[in-house]
Chemist: 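Okay, handing you the structure first.
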There are 2 protein chains.
Amino acid sequence: MKKTSVTIHDLARELNISASTVSRALNDNPRISQATKDKIRTLATKLGYQPNTIASNLRTQKTHTIGIVVPLINRYFFSTFISGVEDVAFEAGYNVIISQSKDLFDKENRVVHSLFSNRVDGIIVSVSMQTNKYDHFNLFANKNIPMVFFDRIAPDFKAHKILIDDFKCAHMATQHLIDQGCKRIAHLAGPTSLNTYRGRMNGYLDALKKNKLPVDEELVIYNRLTRVDGLTAIKQFLKLKNPPDAVLCGNDTSALSMIIYLREIGIRVPEDFCIVGFSNEPFSEVVTPAISTIRQPAFEMGQKAAELLIDEIEQKRIPENYQTIIMPSDLIIRESSSKKLYD
Amino acid sequence: MKKTSVTIHDLARELNISASTVSRALNDNPRISQATKDKIRTLATKLGYQPNTIASNLRTQKTHTIGIVVPLINRYFFSTFISGVEDVAFEAGYNVIISQSKDLFDKENRVVHSLFSNRVDGIIVSVSMQTNKYDHFNLFANKNIPMVFFDRIAPDFKAHKILIDDFKCAHMATQHLIDQGCKRIAHLAGPTSLNTYRGRMNGYLDALKKNKLPVDEELVIYNRLTRVDGLTAIKQFLKLKNPPDAVLCGNDTSALSMIIYLREIGIRVPEDFCIVGFSNEPFSEVVTPAISTIRQPAFEMGQKAAELLIDEIEQKRIPENYQTIIMPSDLIIRESSSKKLYD
DNA sequence: AACAAAAATGCAATCGATTGCATAAAATAC
DNA sequence: GTATTTTATGCAATCGATTGCATTTTTGTT
């Protein structure tokens with residue numbers, strides 16, 4: 001027996017006043033007298049009035065909703081980022097609609113359209129692994145709807161960008177491996193169409209060059225960095241005539257599977273072989289040996305993204321003043337690369 | 001220079017037809033001729049028309065949006081569950097709004113109201129650790145808006161419930177510890193106001209009784225099961241005159257911190273002390289020793305929750321036919337409780 | 001060619017809240 | 001007591017899509 005909701009018109013009728021007055025009273029408009037406001041508010045709570053946000057959204061052309069598009073919701077980095085977004089958004093009175101691209105370009109395209117049709121006030125995006133065209137974001141760009149890109153960004157958009165310095169981090173990690181005495185350092189890379197993996201790769205290469213180490217094409221493998229991919233890669237590396245003695249992995253997942261495999265076949269980490277990952281997944285700290293990795297401040301990145309987006313939505317900042325924010329990140333040295341301790 | 005969007009009226013004017021016809025054509029209403037439909041659709045794509053979902057929502061009183069309320073978005077169980085929901089929801093044409101209670105009753109109350117005002121078509125909820133009143137869900141119940149509870153449920157609502165059998169799982173885990181030769185088994189429990197922790201606790205107690213083992217009150221500690229809480233608890237257990245030789249933990253996080261602490265102080269797991277956790281976090285498999293735990297099918301639970309909810313929203317099932325679905329779950333025996341191997 | 005039946009389209013109200021402008025009521029000024 | 005402000009409230013249009021009912025156009029029948 002779904003009885004229709006209480007509306008401002010119901011309140012108005014009951015009190016013999018107009019709906020406009022009710023609306024203004026509930027929004028605390030100074031044009032309404034305190035007495036009337038009190039009367040209206042009392043009745044509103046008595047009848048259990050709940051504002052219909054949809055109607056308000058339609059009229060005001062604002063939804064107080066922000067959309068998030070990430071590759072996978074249940075990856076720790078992303079879910080923690082989302083948690084940071086939600087934290088700030090909720091306090092500012094915004095809802096968060098999440099969608100995941102599953103790292104598929106096609107799905108990303110569809111969810112972006114869907115968010116647009118739902119008239120979100122802005123979106124926060126990390127693009128899929130397959131993404132190398134960015135036309136679908138023009139939907140938003142053309143209407144000047146605020147966007148924030150993070151981690152894996154779309155280039156050439158008027159939008160804020162929130163990143164870590166992947167180049168520097170990979171450089172530091174590689175230098176660290178060199179300092180530990182590793183002689184042949186390999187790299188398991190993700191798709192270089194993405195700024196993140198491209199940056200990591202370049203940081204790796206630059207560190208080798210700075211140290212006058214040869215760059216060997218055999219020592220770089222590209223794939224999607226899943227657990228299976230990590231396994232495939234380490235087997236391939238070990239099959240080389242002149243195999244590496246260390247790998248810088250594009251993420252922690254692949255680093256983990258390498259570590260497990262190396263343990264299985266009796267190659268000691270870090271004594272015989274060093275591994276460094278990327279992103280500091282929760283398991284990296286507790287696996288044996290613990291994985292050296294790069295810490296990314298996911299929660300804070302989410303908070304920052306939400307702040308920038310909401311400020312822009314509410315025009316608290318000068319438009320066109322788009323920022324690329326590099327968040328602090330650092331190398332966490334753990335057991336998997338602490339070779340010197342054993343020399 | 002935000003130019004206002006293309007609407008059905010713009011399309012109608014351009015083609016000298018009425019907006020109703022445009023609306024019907026875009027919705028593929030059979031009352032419109034194919035020729036007209038084609039004409040309209042062509043123009044729509046040419047002008048980049050995007051439907052305004054808000055307007056449609058207001059008129060149809062449906063938002064094609066479902067709300068999720070979980071304690072913490074970035075807990076693996078929950079983020080994987082959400083991923084399952086999103087998976088099904090997206091295919092059915094629904095958006096997902098997420099919010100987290102942060103395990104605070106007050107925030108849960110606020111987000112539930114917010115979701116209601118946003119007129120979500122239904123909600124999927126796992127309540128906060130603090131929740132022991134459920135009045136705020138009457139907002140939905142009174143209007144017959146579908147709800148699905150999972151994991152931590154609100155009792156006494158006309159709603160679907162998706163659970164695992166916490167009692168049975170805890171029972172199995174306890175029996176397993178007994179079978180391994182543990183003599184004094186402790187339990188670190190969460191708030192028993194929640195069905196989950198209450199079930200686990202009762203399963204633990206029942207297993208002791210079935211095996212004619214004494215129940216010692218000192219051996220049960222209640223807290224919030226954080227990493228710090230796990231540490232506090234294990235220290236307290238070890239201080240007893242007659243300390244336990246095993247702990248069944250209410251979750252994996254607390255189990256992890258116990259394992260780390262025991263390793264630090266030189267108590268061998270599982271030889272001297274056994275640990276079983278709950279929920280199978282990603283780290284549990286890879287920590288040394290790997291944590292024995294209970295597997296919960298989070299993704300599938302999310303899919304099932306979304307299916308039930310959407311079916312009810314779309315009235316595909318007989319109302320009042322509310323189900324309590326017990327999902328399959330099992331004990332994963334790993335190193336942390338495999339004492340017999342060392343006897 | 002006339003008329004019934006079927007198909008296609010249009011009119012206008014509706015969903016619920018907001019808001020520019022107008023009006024009514026109260027307060028103040030002279 | 002009238003004119004002028006100030007304060008409080010109401011009217012009616014609006015946001016964009018949907019839909020019951022009415023109307024127009026086309027098709028089919030004899």
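In what follows, chains are A, B, ... by sequence order, proteins preceding strands, each numbered from 1.
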Chemist: For D/dT9, does OP1 or OP2 lie under 4.0 Å from any side-chain N or O of A/T36?
Modeler: yes
Chemist: Where the side chain of A/I8 is defined as all heavy atoms beyond and including C-beta, which of D/dT19, C/dG16, C/dA17 is the nearest nucleotide?
Modeler: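 Closest nucleotide to the A/I8 side chain: C/dA17.
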Chemist: Taking only side-chain N and O atoms of B/S56, does any of them lie within less than 4.0 angstrom of OP1 or OP2 on D/dT18?
Modeler: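 Result: yes.
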Chemist: Rounded to the nearest Å, what distance is computed from the CZ atom of residue B/R13 to the C1' atom of nucleotide D/dA17?
Modeler: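 One finds 15 Å between C1' of D/dA17 and CZ of B/R13, rounded.
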Chemist: When you check the gap from the basic side-chain N to the acidic O, do A/D151 and A/K161 get nearer than 4.0 Å?
Modeler: no
Chemist: Would you check if there is a donor-acceptor pair between the side chains of B/N74 and A/S79 at a distance under 3.5 Å?
Modeler: no
Chemist: Distance check needed: D/dT14 C1' versus B/I54 CD1, whole Å only.
Modeler: 16 Å
Chemist: Is the distance from OP1 or OP2 of C/dT14 to the nearest side-chain N or O of B/Q61 less than 4.0 Å?
Modeler: no
Chemist: Between D/dC15, C/dA17, C/dT14, spot the one nearest the side chain of A/Y49, thanks.
Modeler: C/dA17
Chemist: Among C/dT9, C/dA12, D/dG10, which is the nearest nucleotide to the side chain of B/S33?
Modeler: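 Given the options C/dT9, C/dA12, D/dG10, the side chain of B/S33 is closest to C/dT9.
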Chemist: Is A/S23 close enough to C/dT18 that one of its side-chain N or O atoms is under 4.0 Å from OP1 or OP2 there?
Modeler: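 Result: yes.
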Chemist: Could you go through A/T63 and A/D121, starting from their C-alpha distance and side-chain angles, then the distance that decides it, and tell me whether this counts as side-chain hydrogen bond (donor to acceptor under 3.5 Å, both in side chains)?
Modeler: CA-CA 6 Å; A/T63 56; A/D121 292 337; 3.3 Å; yes
Chemist: Should B/T7 be listed as having a side-chain N or O under 4.0 Å from OP1 or OP2 of D/dG16?
Modeler: no
Chemist: Taking the six-membered ring of A/F90 as reference, does the cationic atom of B/K107 (NZ for Lys, CZ for Arg) lie under 6.0 Å from its centre and within 45° of its axis?
Modeler: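 So B/K107 does make the cation-pi contact.
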Chemist: Picking from C/dA8, D/dA17, D/dC11, which would you name as closest to the side chain of B/H9?
Modeler: D/dA17
Chemist: Hey, does the side chain of A/T21 come within less than 4.0 Å of D/dG10's phosphate (OP1/OP2), counting only N and O?
Modeler: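 Looking at the OP1 and OP2 atoms of D/dG10, one of them is under 4.0 Å from a side-chain N or O of A/T21.
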Chemist: I want to check one thing: is the phosphate of C/dA17, taken as OP1 and OP2, less than 4.0 Å away from some side-chain N or O of A/N57?
Modeler: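 Checking A/N57 against C/dA17: no side-chain N or O falls below 4.0 Å of OP1 or OP2.
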Chemist: Need the bend value for the helix from C/dA1-D/dT30 to C/dC30-D/dG1: angle between end axes, 5 pairs each end, nearest 10°.
Modeler: 50°
Chemist: With respect to the phosphate group of D/dT18, does any side-chain polar atom (N or O) of B/T60 fall under 4.0 Å of OP1 or OP2?
Modeler: no
Chemist: Send over the distance from B/L11 CG to C/dG10 P, rounded to a whole Å.
Modeler: 13 Å
Chemist: Taking for each residue the nucleotide of DNA chain D bearing the nearest heavy atom, is the 5' side occupied by A/Q34 or by B/R24?
Modeler: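 By nearest-heavy-atom nucleotide position, the 5'-most residue is A/Q34.
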Chemist: Output the rounded distance in Å from CD1 (B/I17) to P (D/dA17).
Modeler: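 Interatomic distance, CD1 of B/I17 to P of D/dA17: 13 Å.
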Chemist: Verify whether one side chain among A/S23 and A/S20 offers a donor that lies under 3.5 Å from an acceptor in the other.
Modeler: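 No donor-acceptor contact under 3.5 Å links the two side chains.
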Chemist: Over all strands shown, is B/N16 touching base, sugar-phosphate only, or nothing at heavy-atom distances under 4.0 angstrom?
Modeler: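 Sugar-phosphate only.
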Chemist: Roughly how many Å is it from CZ in A/R31 to C1' in D/dA8, rounded to a whole number?
Modeler: 9 Å
Chemist: Mind calculating the distance between CG (A/L58) and P (C/dC15) to the nearest angstrom?
Modeler: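 Answer to the nearest Å: 14 Å.
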Chemist: For side-chain contact (heavy atoms from CB on, under 4.5 Å), just list the numbers for A/F299 and A/D87, CA-CA rounded to whole Å, side-chain angles, deciding distance to a tenth of an Å, and then say yes or no.
Modeler: CA-CA 9 Å; A/F299 189 83; A/D87 194 58; 3.9 Å; yes
Chemist: Using atom CD1 of A/I32 as one end and atom C1' of D/dT6 as the other, report the distance to the nearest whole Å.
Modeler: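 Going from CD1 in A/I32 over to C1' in D/dT6 covers 15 Å.
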Chemist: List the steps, then state whether side-chain hydrogen bond (donor to acceptor under 3.5 Å, both in side chains) holds for A/S18 with A/T21.
Modeler: CA-CA 5 Å; A/S18 78; A/T21 302; 3.2 Å; yes
Chemist: What is the distance, rounded to the nearest whole Å, between atom CG of B/N118 and atom P of C/dG16?
Modeler: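 Rounded to the whole Å, the gap is 16 Å.
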Chemist: Apply ring pair (Phe, Tyr, Trp, His ring centres under 6.0 Å) to residues A/F150 and A/F81 and explain how you reach the verdict.
Modeler: CA-CA 10 Å; A/F150 75 99; A/F81 179 92; 3.5 Å; yes
Chemist: Would you mind reporting whether A/L43 and A/L15 have side-chain heavy atoms less than 4.5 Å apart?
Modeler: yes
Chemist: Counting only side-chain N and O atoms of B/S5, is one of them less than 4.0 Å from OP1 or OP2 of D/dG16?
Modeler: no
Chemist: When you match B/S20 and A/L26 each to their closest nucleotide on DNA chain C, which lands nearer the 5' end?
Modeler: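 With B/S20 and A/L26 compared, the 5'-side residue is B/S20.
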